[in-house]
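Since the structure comes first, as structure tokens, the remarks are kept for the end.
Because only heavy atoms are used, hydrogens play no part in the values below, and waters and symmetry mates are left out as well, while side chains stay in.
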Amino acid sequence: MDSDTSLLQAGAGQTPARRSRRRSPVPFLIAWIVIIMMGTAGAWLYSEHMKQQITAQIEAQTARQIAAMENNYEQRIKELDAGYSSQIAKLQSEVDSLNELLTFTKDNASNKTDNSNKLYTQLSQVQKQLDELKRKLDMLK
């Protein structure tokens, strides 16, 4: 009897025993490797995107801070310039006053006397004339 007939005779209502096939692990490993590679690529793309966003935010923040510092610097320079301009104007007026005084002193100076002596001499001459006028007035009374 051959094997096919013996199987049929053993169990007429039973199905012949099949040999179970074992599946190969290669497709499963390939699927896991593909999933891991896709996850790694996604993480890398996301990190690059985040890096670009953070870089753009830092650049914008830095630009704002630099602009604020420039405005502050320009404001301080203007304040210092205004302060120095007023001080220079004040000093210039003092220098002009001293120049006028020196010019007046030089104009009133003569070869015979210095300025203080000439002024004293003029005052004494005025005093003498006043005294003389008083005496004449007293004589008239």
For [X], which fellow cluster members are found when Ile, Leu, Val, Met, Phe, Trp and Tyr are connected by side-chain heavy-atom distances below 4.5 angstrom, either directly or through intermediates?
X	result
Ile30	Val26, Val34, Met38
Ile36	none
Tyr73	Ile77
Met37	Ile33

Please output the side-chain donor-acceptor pairs of residues 89-98 that fall under 3.5 Å, not counting sequence neighbours, one pair per line with the distance.
from, atom 1, to, atom 2, distance (Å)
Gln92, NE2, Asp96, OD1, 3.1
Ser93, OG, Lys90, O, 2.7
Ser97, OG, Ser93, O, 3.0

Query raised in the report: If you measure from CD1 on Ile88 to CG on Asp81, what distance do you get to the nearest 0.5 Å?
Result: 8.5 Å
**Report entry** Residue list, salt bridge (Lys or Arg N to Asp or Glu O under 4.0 Å) with Glu74, at least two apart or on another chain
**Finding:** none
My understanding is that only residues two or more places apart in sequence, or in another chain, count here; which of them pass side-chain contact (heavy atoms from CB on, under 4.5 Å) with [X]?
X	result
Gln61	Arg64, Gln65
Ile58	Ile54, Thr62
Arg76	Asn72
Gln53	His49, Met50

Report summary line: Residues pairing under salt bridge (Lys or Arg N to Asp or Glu O under 4.0 Å) where one sits in residues 26-44, two or more places apart or in two chains, turn out to be none
Query raised in the report: If you look only at pairs with a residue in residues 37-48, which of them pass as a side chain to side chain donor-acceptor pair (under 3.5 Å), with sequence neighbours excluded?
Result: Glu48-Lys51
